Structure formats: structure tokens, C-alpha cells
Amino acid sequence: MSELTATVHSTTNGFKVTGNEEINYAFQFVDNIFDPAHTNLAEIYKKWTRVLLVTDSNVNELYSAKWNAYFAHHDIKVTTFVMNGGEKNKTMTTMLSIVDAMNAFGIIRKEPVLVVGGGLCTDVTGYACASYRRTTNFIRVPTTLIGLIDAAVSIKVGINHGALKNRLGAYHAPLITFLDFNMLKTLPEGQVRNGFAELMKITSCADKYSWDLLVKHGPALIKSRFGRLEESDAELKKAADEITYRGIKVMLDLESPNLHEIRLDRVIAFGHSLSPTLELAPTIPLRHGHAINVDMAFFVTLACSRGILSVERRDEYHALSYAVGLSMDHELFTPELIQEGTEAILKTRDGKQRFAVPTKAYGECVFLNDVSYDEFNTVLGAHKKLMHEKYGGGAGKEAYVDYGDLGMDPALLLQQGVQKVKDIVSPLINGKGHHSPSRTKQTSRLVEPIQA
């Protein structure tokens, strides 16, 4: 929510308005949010005795029985709108279908929509809420690791437009985000690995303590779904909880003063310089976490070549990436792609490179604005040689998108060819999906209210 204060001043030929907006939104850690013993959601919705819940088909299949039982227990009628998942459905059509569901439901001003899903689902629903009556409240329950530690921390919401990633959107804060890390129990290992890259990003540049925990526990964190599987030991779960708590806190500390991204030197842009171009370069796109880690691993090599990082620290980053199965190189990561990616990011960053790279023993960051293409090419050669000598070429595990990421069978892309990929997928894969649903045609649908 936000509150605006403003003053109006007369000028010689008109008026000048000066205002300040106060934004208030919260995060709460709640394991098993749909346990009827928890009243977090019930206390919010008892005023209306009903709730419109937006989710995707995959999450609906996994959790609808739990939220139906929860709201029935608390005498709250739940109406569920099931949107199509996958990046090809992050569109205006999907957003407007949510708007239609809100209208059919008869949403009341200030009555919050509840969205349960990965970052893609919360992005699209958040944009629908930002647009409906110009602002409608919403509450988030993210279900993926990227959703929990990255997408849910931001107030950015939006959709894709044609071949342009998140080109339409808004800054719209939810009332509250409930963080239930037990959702990770049902998340496939490949998607946990995908989110792990975002934690490597933030800890390597801004939190040395958590970086060391990632280095110590990396593969076990992925296998155990960050300590949430039943067989996980207490020490591992404690470390996982520390990493995720601190990761969210650091992200908030860095981004909250810059919610509208007016300042362009952003620590959390590490890994997001060349990866937007690389991500869609293969016919079947790379998962977001793998694409950003190729970017990060390369810039770690570059930082070492400049003496910003030691060889020991360089190898520490690469060894962790290798141990957890994240990509560090790709055959299409070439001098031509680097030039294309650099030219594209210069437009986003107002004509400066602003390449964020970690420094010292990790936990700190510097920005580079003077990297020449000659230097890029020299470092790229050294990086590829290093990858082949020590890390099997730098390929990752489950590096390419699946049905859940796309909302379609990736094999179809091989039949369409590279040019048609952009028309079908909108070159926009960001790894925010939950599971791979059954490969049948999906349609958005409104589930009739469940009577309490």
C-alpha cells in the first residue's frame, strides 16, 4: 500500500505540485501457510468472508486441496482463477483474463487478490492488480526459490510484449508477501538449482557470511530443497534458513531505497549484463539461472585478470558452480554475442557499462565502465580454456527450459527453427515456473467458489 502527501504552489503562469509517497508492505515467514492452525490469511480475508485466488495450473494441482480446506475451515469462500503457466503465457491476453476474473468476482476497492505461484504468476497477477481501477491490492505467496528470494522481493510487476521481456509493467507493492519455504519440497531439483544462481549473485557481491555457507553446503542445499525434505539434518536446515533470510534482507537493503530503479549502478545486476542476450541464443533457451551464471563466471574470470579477485577466489566461484551443476560457458557465448549483449545493455544502463563484479574475498562489489572488446575477447579465450581444462567445458545440469518454464513442449522449438522461436516464446525465459505440467492443452479457467 502507499500513502501520498502533496502540496500545491501557485507559480507565475500556473501551479507546481510537490509530493511524497510513503510505501508500506511487509514480509512474513510462515511454514505451511495453508495449515488451518495458521490465521495469517484468515485474519485478512475474514472481513470480506471470501477470497479470489489466482494461481497457475501446476500449482493448482499441487496445492488447491490444501487452500480449499484452509479457507473452508475459516468460513471463507474461495474462488480460484487458474491461469496458463509458462513464459509464452506471460502476455497481455493472460493479464486481461485475470482482469476479467476480478471483474466477474466483483472485487471491492481495497479487497486484496491472493496470488499463489512462481514469479511469473505473481508478475502477471500483480500487473493486473496495478491496472484494475488503476490500483487494486494483492497478497503474494511465492512457490519457487526464485520467487521466494528474488521476484517476491521486488515491487516490479509486468508482462512481455512481443519479443520484449517485461516491457509492459508497473511498480506496485503488495500488502504482504508470505514466505513459505516448505513449498520447496515439491520443487524439482532443476528449478532449485535455477534459483541457487540468484543466491550466488547476491551473496558473492554483498554478503560474505552467506557466500561461505553456500560454498560449504552447495550441493546438499539443492538435493535437500534447502533443508526442507524430511531427511535433512538440523545443521543443513539452519544454514539454509540463514542463507535465505539474509539473502532477502540484503536484497531489501539494496533495492528498497531504489524501488523505481532511478539509480542504475545496481549490485544485483551482477550476472544480468550479457545473460539477456545469451538466454535465448540456443534454439531451446537456457534457464535463467544457467544463463546468468555463465555471465557471472565469465566476469569472475575477467575480475581475476584485472587483479580484482585472486586466482584462489576465482577458482572458488567456479568450483562451487561446477559442484552444484550450474553452467559456466556455452558454445554460443562468443565474441559476437558479447558485443551484441554489451550494445543492448548500454541502452538499458544509460550509455554506461556498469558491469558489477565481486571483489576481495567476496561480499563486496565494484562497477566497471571501461572494458574494451579487445579485453573481452582475450578474457573469453582464457575463460574457455580454463573451463575445458578444469570443468568439463562448463556445461551445466538441466540447463535448458522444460514444459513448465515455457508452457509448451520445448521439442516443438526444434521443429520451428531459430527465427520462429522469438515469435512463439517471446525471447523471455526467466526460470520462474514451478513444475512441468502434463503435456495437454491448457486453458485459463475460473473455479467456482468453494462454500465454507
Side-chain angles (χ1 to χ4, degrees), residues 189-190 192-205 208 210-223 243 270-275 277-279 281-282 286-338 341 355-366 368 371 373-400 431:
E189 185 174 306
V192 180
R193 182 180 297 110
N194 200 27
F196 192 94
E198 294 285 1
L199 286 168
M200 290 180 67
K201 170 195 76 176
I202 193 64
T203 59
S204 64
C205 283
K208 165 68 172 169
S210 294
W211 169 259
D212 289 341
L213 288 177
L214 288 182
V215 172
K216 180 178 180 180
H217 298 288
L221 289 167
I222 292 174
K223 288 287 185 184
I243 292 166
F270 179 44
H272 293 72
S273 297
L274 306 176
S275 62
T277 303
L278 174 64
E279 206 163 316
L286 286 167
R287 280 183 162 151
H288 181 68
H290 288 267
I292 69 168
N293 202 61
V294 172
D295 187 319
M296 292 188 291
F298 172 71
F299 273 101
V300 163
T301 302
L302 189 148
C304 179
S305 73
R306 286 193 169 201
I308 296 170
L309 287 173
S310 67
V311 171
E312 181 183 5
R313 295 282 79 81
R314 178 201 69 186
D315 291 350
E316 182 176 270
Y317 188 96
H318 293 159
L320 175 60
S321 300
Y322 184 70
V324 300
L326 281 168
S327 301
M328 291 184 282
D329 192 24
H330 192 277
E331 62 183 351
L332 299 180
F333 192 58
T334 62
E336 293 77 17
L337 186 140
I338 288 174
F355 295 134
V357 296
T359 186
K360 297 187 178 179
Y362 293 112
E364 297 182 41
C365 173
V366 295
L368 307 180
V371 185
Y373 289 121
D374 284 343
E375 182 178 6
F376 267 143
N377 294 342
T378 299
V379 172
L380 181 62
H383 181 73
K384 287 185 176 293
K385 184 174 184 290
L386 183 65
M387 292 299 107
H388 281 282
E389 289 178 350
K390 299 185 69 172
Y391 305 107
K397 299 177 183 176
E398 299 177 287
Y400 296 92

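These numbers were taken from a predicted model, which means no experiment stands behind them.
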Checklist line | Proximity of F333 and F298 rings by center, below 6.0 Å | finding: yes

Next item on the list: Look at the rings of H383 and H318 and say which category their plane angle falls in: under 30° parallel, 30 to 60° tilted, over 60° perpendicular.
Entry: perpendicular

Check: Can you find a side-chain donor-acceptor pair between S321 and N293 that sits under 3.5 Å?
Finding: yes

Notebook entry, point to check: Taking NZ, NE, NH1 and NH2 as the nitrogens, is one of them in K216 or D212 under 4.0 Å from a carboxylate oxygen of the other?
Noted result: no

Margin query: Tell me which one of L380, T378, L368 satisfies side chain to side chain contact (heavy atoms under 4.5 Å, CB included) with L302.
Written below: L368

Next item on the list: With rounding to the nearest 0.5 Å, note down the distance linking OH in Y373 to CD in E336.
Entry: 11.5 Å

Next item on the list: Verify the distance criterion only: is there a donor paired with an acceptor across the side chains of D315 and Y322 at less than 3.5 Å?
Entry: no

Notebook entry, point to check: Any luck finding a side-chain donor-acceptor pair between E312 and S310 under 3.5 Å?
Noted result: no

Margin query: Holding to side-chain hydrogen bond (donor to acceptor under 3.5 Å, both in side chains), I want the full list of residues that pass it with H217, two or more places apart in sequence or in another chain.
Written below: none

Checklist line | Taking every non-hydrogen atom, the tightest pair across S275 and A291 | finding: CB-O, 3.5 Å

Note to self: With heavy-atom distances below 4.5 Å as the criterion, would you say the side chains of F270 and C365 are in contact?
What the structure shows: no

Check: Parallel, tilted or perpendicular: which fits the ring planes of H272 and H288, with parallel below 30° and perpendicular above 60°?
Finding: tilted

Check: With E316, which residues qualify under side-chain hydrogen bond (donor to acceptor under 3.5 Å, both in side chains), at least two apart?
Finding: W211, R313

Item checked: K397 bridged to E189 by N-O distance under 4.0 Å -> no

Next item on the list: Examine F355 together with F376 and report whether their ring centres are nearer than 6.0 Å.
Entry: yes

